[in-house]
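What follows is one structure encoded as structure tokens, with my remarks underneath.
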Protein chains: 2
Amino acid sequence: MILFNHMVEYQEQGDSTFRALADPTRRRMVERLSQKPCTVGELAEPLSMSFAGASKHVGVLEAAGIVRREKRGRERLCILQPKALFEMRDWVERYSRFWNARLDALDQALKEDSDE
Amino acid sequence: MILFNHMVEYQEQGDSTFRALADPTRRRMVERLSQKPCTVGELAEPLSMSFAGASKHVGVLEAAGIVRREKRGRERLCILQPKALFEMRDWVERYSRFWNARLDALDQALKEDSDE
DNA sequence: GTTATGTTCAACCACTGGGTTGACTAATTC
DNA sequence: GAATTAGTCAACCCAGTGGTTGAACATAAC
């Protein structure tokens, strides 16, 4: 079943993205980074968090392909990389669209079912 | 700063949704449910998981508003509720769109910066 | 070269969360 | 009514993770 294989593949691919964005701290970082690229320190400060902690979070975002780290002197500039996010949006879009069609059909089916 | 408040609110609201979909098992359930509504047992079986385990997962999806549980005789029918997913898609869409515009401007700025 | 700054690494702690099992409830079947 | 089936609840176990601190490293500043 081609369709199913494709779904699974898609899911595996997006796994790190979903997990990365599951943490509210990391989502806040993403929001911050959507304004402009920041150094690790700049990301840590408003969260009142240690450099090491922030660095770990950035590592997770980086592994998910959401953020790219660029050496800049002795500091690291974190830059958003929207590709992974687009993929995630597509995943969600795919299913929500699918459901919409299904749900209409389902409501219909349930009604007919309860009529018998 | 109205915009920021709005973002945060949006994030808090979507928190349960993001966390719910962070788990691959629950994403597989969502995929399954996108085909047709299933009982808890039907969800548990293909994952070779206990009823209790599956029930917990459904509980998480239900708390996030992704799934609705409907009593049907002695079994519970789980039905997809796409609203939360749409909201999540919108969240991602908002940021990825925002970034796209930003990234263009940034590339430009960085180039000009390195020219100086 | 020495000192200060930005970041990472390693070890560690506390907590969450996915999973199980076993007891319990509710509906179904005989 | 007794036995079976679907599901939930509570307690528990283990792995993963968010966070810390302290040491190490690289770059910048003096």
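Every value quoted in this text rests on a predicted model; they were computed, and no experiment measured them. By convention in this document, chain letters (A, B, ...) are assigned in the order of the sequence lines, proteins followed by strands, and residues within each chain are numbered from 1. No hydrogens, no waters, no symmetry mates; every other heavy atom, side chains included, goes into these values.
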Is the shortest side-chain N/O distance from B/Ser55 to OP1 or OP2 of D/dG7 below 4.0 Å? no

Do A/Arg19 and A/Val60 have side-chain heavy atoms sitting under 4.5 Å apart? no

Which whole-number value in Å describes the distance from A/Leu43 CG to D/dG18 C1'? 16 Å

Heavy-atom side-chain contact between B/Met49 and B/Thr25 under 4.5 Å: yes

note: A/Glu42, atom CD; C/dT5, atom P; distance rounded to Å ~ 16 Å

What is the distance from CE of A/Met29 to C1' of D/dG19, rounded to the nearest Å? 12 Å

What I'd like to find out is whether the side chain of A/Arg72 reaches to under 4.5 Å of the side chain of A/Thr39, using heavy atoms alone. no

How does protein reach along nucleotides 19-30 of chain C, written 5' to 3' as B (base within reach of a heavy atom under 4.0 Å), S (only sugar-phosphate), or - (no contact)? BBB----SBS--

Rounded to whole Å, CG of A/Leu61 lies from C1' of D/dT17 at a distance of 14 Å

Protein-nucleotide distance (B/Arg19, atom CZ; D/dG18, atom C1'), rounded to Å: 13 Å

Taking every non-hydrogen atom, the tightest pair across B/Arg68 and B/Glu62: C-OE2, 4.5 Å

Once you round it to whole Å, what is the distance between C1' of D/dC9 and CZ of B/Arg69? 12 Å

With a 4.5 Å cut-off on side-chain heavy atoms, are A/Arg32 and A/Cys78 touching? no

Is it the case that one hydrophobic cluster holds both A/Val67 and A/Val40, taking links as side-chain heavy atoms less than 4.5 Å apart, direct or via other members? no

